[in-house]
Amino acid sequence: MRASAWFVAGTPTAFDRTKQMTQTAAYEGKQTKAPLAAKTAAYAALSAKTPIEPFAIERRAPRPNDVAIEILYCGVCHSDIHQARDEWGGSIFPMVPGHEIVGRVTSVGSDVTKFKAGDLAGVGCMVDSCRVCVNCVEGEEQYCNNPHAVYTYNGRDKNAEVTYGGYSTAIVVDENYVLHISDKLDLAATAPLLCAGITTFSPLRHWNVGKGKKLGVMGLGGLGHMGLKFGHAFGAHVVQFTTSPNKVADAKKLGADEVVISTDAKQMSEHAGSFDFILDTISAPHDIAAYLNLLKRDGVLCMVGAPDEPLSVPVFSLLGRRASLAGSGIGGIRETQEMLDFCAEHGIVSDIEMIPIQKVNDAYTRMLKNDVKYRFVIDIESLKGDSAQA
Ligand code: NAP
Ligand code: ZN
Ligand code: ZN
């Protein structure tokens with residue numbers, strides 16, 4: 001059975017799309033279908049079974065509220081793999097993945113007030129939302145239910161045009177969905193904050209994980225290493241769970257107080273009934289029963305990992321300790337800015353391995369072998385001179 005994750009942008013029904021466009025017209029009556037801008041070099045998945053390859057797209061000309069951005073770096077998220085391979089269902093092809101985007105503003109529309117040409121800018125997983133539902137009004141646009149946010153790629157915007165992500169040289173986004181990026185931090189290492197960063201920051205903040213709390217982080221990949229860094233920065237006692245013994249030393253360097261090899265039943269049992277909060281960042285189907293048993297009374301296990309198959313939940317592990325199994329999706333624009341500002345203040349960035357875009361398929365292969373330390377980031381400069389571009 002295919003999982004239907006809420007953040008799969010390719011799944012709305014025709015009814016959803018009509019509804020979304022009608023609502024758009026109602027509150028943004030002046031928005032018209034924009035003329036097309038110049039061709040933009042990109043890399044795309046043309047189908048679920050083919051590698052990512054050179055592809056040309058067209059970005060819209062900036063509307064009055066738009067910011068045009070030259071992309072400098074784009075992180076590679078495991079969600080890119082899930083969607084490019086249609087593991088969640090409903091993928092739209094051709095697909096230009098990439099939602100950890102950092103770049104520089106090249107021009108702004110006439111009504112833009114928050115950005116000017118030359119500013120650094122970031123774009124994460126969303127480029128728009130309805131702006132009027134309760135979740136949008138409360139600054140939790142990622143949970144827009146009208147019918148859902150417009151995702152940066154593998155989605156459709158309010159004109160029903162397919163959205164294309166950051167494996168490209170430029171992007172045009174409404175200023176309300178663009179983030180300010182500090183020049184104090186390494187720019188390439190900042191890109192992963194736009195998804196891996198906010199996706200782990202948000203649940204730790206929501207559940208008040210900090211001083212005096214015992215936090216477990218499951219999986220040491222892109223999200224996991226950011227969860228570990230934030231947990232440590234918030235003052236929690238952090239235990240990193242990993243299936244990779246060769247990551248133990250790194251986990252300690254990244255701030256783990258303890259590291260547990262999750263395949264070792266004895267190491268796991270030593271933590272039985274002791275965690276306030278466990279953040280599950282694992283990308284593949286796995287057994288969560290063993291982790292639920294590590295929660296203490298009223299503990300929470302929060303899923304951010306999004307495997308393509310349902311997980312089996314032994315209910316006695318929950319009711320025996322009044323525990324909660326929860327989930328969390330990225331974060332709102334306001335909180336994403338808060339996270340970026342927190343990172344600038346505390347010198348937090350992702351640990352990255354920079355790659356040229358031509359190596360993105362190798363990066364996918366390595367991520368699927370858990371061989372990532374700890375986020376691949378594409379240097380978009382490599383796309384600018386790419387001879388394979390049409
Ligand atoms: P990643 O960098 O590939 O890291 C995943 C890590 O999970 C691996 O490095 C590995 O860590 C562990 N792992 C993988 N397969 C495993 C298995 N079969 N059993 C146990 N552990 C396994 O992936 P990511 O970019 O961090 O993304 C993680 C997941 O979060 C993906 O499913 C992604 O789609 C999802 N995601 C969700 C949101 C959201 O809004 N909720 C946002 C972004 C991403 P060890 O080597 O340490 O074991
Ligand atoms: Zn992501
Ligand atoms: Zn909304």
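We count ligands from 1, going down the list as the structure has it; atoms in each ligand are counted the same way.
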Out of all atoms in ligand 1, which are within 4.0 Å of some heavy atom of [X]? Include the element for each.
X	value
Trp88	34 (O)
Thr242	45 (P), 46 (O), 47 (O), 48 (O)
Cys195	42 (C), 43 (C)
Lys247	9 (O), 11 (O), 45 (P), 46 (O), 47 (O)
Ala284	15 (N), 18 (N)
Val304	30 (O), 35 (C), 36 (N), 37 (C), 38 (C), 39 (C), 41 (N)
Ile330	39 (C), 40 (O)
Gly219	11 (O), 47 (O)

What do you reckon, does [X] have a nitrogen or oxygen under 3.5 Å from a nitrogen or oxygen of ligand 1?
X	answer
Gly329	no
Tyr374	no
Phe241	no

Hey, does [Y] have a side-chain heavy atom less than 4.5 Å from the side chain of [X]?
X	Y	result
Thr242	Ile261	yes
Leu194	His99	no
Phe376	Met354	no
Lys213	His237	no

Opening angle between NE2 in His99 and SG in Cys77, taken at the Zn ion (ligand 2), to 10 degrees: 120°

Quick test of your reading of the model: are [X] and [Y] salt-bridged, counting only N-O distances below 4.0 Å?
X	Y	answer
Asp351	Lys373	no
Asp174	Arg131	yes
Asp298	Arg321	no

Criterion side-chain hydrogen bond (donor to acceptor under 3.5 Å, both in side chains) on Lys114 and Asn176, from CA distance to verdict: CA-CA 8 Å; Lys114 298 175 191 160; Asn176 292 303; 2.6 Å; yes

Determine, considering heavy atoms only, which of [options] sits nearest to [atom].
atom	options	answer
atom 39 (C) of ligand 1	Asp80, Leu368, Thr199, Ile198	Thr199
atom 48 (O) of ligand 1	Thr243, Ile81, Val76, Val372	Thr243
atom 32 (O) of ligand 1	His82, Gln142, His78	His82

N, O or S atom of Cys125 closer to the Zn ion (ligand 2) than 2.8 Å: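 Given the 2.8 Å cut-off, Cys125 does not count as a ligand of the Zn ion (ligand 2).
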
From Val238, Val239, Leu228, residue fulfilling side chain to side chain contact (heavy atoms under 4.5 Å, CB included) relative to Asp257: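 Single pass found, and it is Val238.
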
Lys NZ or Arg CZ of Arg205 over Phe234 ring: under 6.0 Å, within 45°: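 Here Arg205 passes the 6.0 Å and 45° test against Phe234.
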
Test item, Ala196 contacting ligand 1 (heavy atom, 4.0 angstrom): no

Any Tyr364 heavy atom less than 4.0 Å to ligand 1: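 Tyr364 does not count as a contact of ligand 1 under the 4.0 Å cut-off.
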
Tyr43-Tyr164 aromatic ring centre distance below 6.0 Å: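 Distance test on ring centres: not under 6.0 Å, no.
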
Near-ring test His148/Tyr143, centroid separation under 6.0 angstrom: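 No, they do not, as the ring centres are separated by 6.0 Å or more.
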
Three-point angle Cys144:SG, the Zn ion (ligand 3), Cys136:SG, rounded to the nearest 10°: 100°

SG (Cys130) - the Zn ion (ligand 3) - SG (Cys133) angle, nearest 10°: 110°

Per-residue contact class, Arg375 against ligand 1 - non-hydrogen pairs under 4.0 Å: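 The answer is the side chain.
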
His286 atom NE2, over 12 foreign heavy atoms within 6.0 Å: yes

